[in-house]
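Structure record follows, encoded as C-alpha cells.
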Amino acid sequence: MKPLVTFERGGQREAEQEFTAIAVDSQTGTVLNVVGDRELVTTWRSAAKPFQLEVTAGTLGSERIRNLPPRAFAIGAASHTGEPEHVRLVSGLLAEFGRTEQDLFCGAHWPTHEASRVAFCAAGATAPSVLQNNCSGKHTFMAASCAVKGWEPDYRPKSHPLQQAILSRLGERLGNPGQVAGQVVDGCGVPCFVLRLESMARLWSQLAAEMAHAAPSLLGKIGLSMNAESFYSSGGDQLDGIVIRAACDGVEPKLVAKIGAEGLMCFAFPVQKVGVAIKIHSGRDEARGAACGWVLKNWFPGVIGDPEQVLAPFTEIRNIAGDLVGHRLVASPR
C-alpha cells in the first residue's frame, strides 16, 4: 500500500496525494525508517538553506560570526513570511554588513503573511520590496560574502565562487560530489540542487548531530539558532515554525524543521541525532501537514505531544466561512 494523504470532505474522499518519508541515523549512516519510494530524486530548494548558510557565513570571518545574534542565523536560513519584524532584521543585517537593498538579487514579492501584506499596503506601499522576499535573509549573507571576499557582486551564476564553494561542501558532506545529481535555478535566482530524498535526510541527520555536540560547529550553531528563534527562521503561522515551538520545553532543543518548495519538509532531531526528509510527490503543500503529523506520531512519539492537535490548522479543511468541512488524513502505509 502506498503512503497517501487523503483529502476527505464530509466523509467523501476527494483527492489522494502520495508521499515518501525517510529517516537516517547520523551515527551509523543507516536508514532507520522509510515509506514510499526510497530511490526518489527531486529538487532540494529552501530546505537546503542551513547548508548554504554554513558556507556563506563561513566566509565572513570568525569574529563577525561570533558577534552575530541567533536571530541573524535564523533569518539567513529562513523562508520567512515577510512580516515587519523580518523586514527590520534583514534591513539591519544589510546595514551591519555594509550592503543595501540594491545588492540583493532575489527579486521582490509581497509578504506571504496576509496581515502583513495588508498592513504594508495600508501604510501606503505601492510595490513590494526585496526585503519582503522569503529568501532575503539568505541573499543578505550571500551579498555580504561577496563584499568580504572581493567577488563579483552578482552571486547567482553557478560558476560564481560562492556557489561553487556551496556545491563543493555538499559533496564533502555526502562523501561523494556525484551524489548531487545536478543543479537547477531556484525561485530566488540562485542555484539549488537535485538529490535523492535519502541524501537530504542524511544531510539533515548531520545537522542534528552537530546541534547536539558540546561545541557545536557552524552548521550546528545555525540549527540551534533556528530552534531558538523559530519566528525568524519561519514566521508566525508556518508549519515548520509551529512544529519547532510545539517541541520546545525549555530543557534542550528537540527538533528543527524546514519547509521546502513543492511539498518538501526536512527535520533534524538532535536528541536522537536523526534526520528526516518528506516529499509530497505532487508538490501540493496542503498535504504536507498530514504527512509530517504521521511521521511525528509514528516515528518520534512524544516529541511534540499530540501531533493531531498541533497540526490541526494544516489538516483540517474549512470553507470560506470557517466551518470545518473535512480533513487531510494519512492512510497507514504498510
Side-chain angles (χ1 to χ4, degrees), residues 23-27 46-54 56-58 65-81 83 85-86 89-90 93 134-135 137-138 141 173 200-260 264-278 288-289 292-293 295-296 299-307 310-311 314:
V24 173
D25 181 350
S26 68
Q27 300 177 88
S46 288
K49 285 179 178 176
F51 299 86
Q52 292 168 305
L53 182 60
E54 176 194 19
T56 306
I65 291 173
R66 187 166 53 248
N67 293 329
L68 287 174
R71 62 183 53 182
F73 292 107
I75 202 82
S79 298
H80 65 76
T81 49
E83 296 172 60
E85 298 90 339
H86 298 142
L89 179 55
V90 172
L93 278 175
N134 74 96
C135 299
K138 176 178 77 174
F141 275 88
R173 283 195 167 277
M200 300 179 200
R202 193 169 304 283
L203 288 162
W204 273 76
S205 77
Q206 294 177 22
L207 173 58
E210 293 177 34
M211 288 175 65
H213 198 277
S217 65
L218 177 54
L219 181 65
K221 185 175 181 178
I222 291 167
L224 291 169
S225 298
M226 293 170 69
N227 175 274
E229 297 283 0
S230 61
F231 172 77
Y232 289 99
S233 69
S234 174
D237 59 3
Q238 290 203 111
L239 175 61
D240 46 6
I242 286 173
V243 169
I244 292 171
R245 290 188 285 276
C248 181
D249 61 6
V251 178
E252 60 185 347
K254 291 186 175 180
L255 67 81
V256 166
K258 182 74 187 71
I259 58 174
L264 190 72
M265 184 79 158
C266 289
F267 288 97
F269 295 89
V271 176
Q272 296 86 352
K273 300 182 177 64
V274 170
V276 172
I278 302 169
R288 186 163 45 197
C292 290
V295 167
L296 289 165
W299 294 357
F300 301 92
V303 171
I304 67 165
D306 183 358
V310 171
L311 298 176
F314 305 95

What pair of heavy atoms forms the shortest contact from [X] to [Y], and how long is it?
X	Y	value
L239	C292	CD2-SG, 4.2 Å
K49	S79	NZ-OG, 3.0 Å
R245	G235	NH2-O, 3.1 Å
P216	L224	CG-CD1, 3.7 Å
A47	L264	CB-CD2, 3.9 Å
A277	M200	CB-CB, 4.0 Å

Qualifying residue, where the test is side chain to side chain contact (heavy atoms under 4.5 Å, CB included) with I304 and the options are I244, L296, I242: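 Single side chain to side chain contact (heavy atoms under 4.5 Å, CB included) partner of I304 among I244, L296, I242: L296.
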Qualifying residue for side chain to side chain contact (heavy atoms under 4.5 Å, CB included) with F267, from V256, V303, V243: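 Exactly one option meets the side chain to side chain contact (heavy atoms under 4.5 Å, CB included) with F267, and it is V243.
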I'd like to know if the side chain of [X] reaches the main chain of [Y], judged simply by a donor and an acceptor atom lying under 3.5 Å from each other, with no hydrogens or angles considered.
X	Y	answer
S234	D240	no
S205	R202	yes
Q52	K138	no
Q238	T81	no

Check against side chain to side chain donor-acceptor pair (under 3.5 Å), S233 and K258: CA-CA 8 Å; S233 69; K258 182 74 187 71; over 6 Å; no
F231 ring center near H86 ring center (under 6.0 Å):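 So the answer is yes for these two rings.
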Salt bridge E85-R71, side-chain N to carboxylate O under 4.0 Å: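 No.
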[X] side, atom [atom1]; [Y] side, atom [atom2] - distance, nearest 0.5 Å:
X	Y	atom1	atom2	value
I278	I259	CD1	CD1	13.0 Å
R173	L203	CZ	CG	7.5 Å
Q272	Q27	CD	CD	10.5 Å

Contact check, side chains of [X] and [Y], non-hydrogen atoms, under 4.5 Å:
X	Y	answer
W204	V24	no
I222	L218	yes
L255	F300	no
H80	L89	no

Parallel, tilted or perpendicular: rings of F73 and F141 (30°, 60°):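 Geometry flag for F73 against F141: parallel rings.
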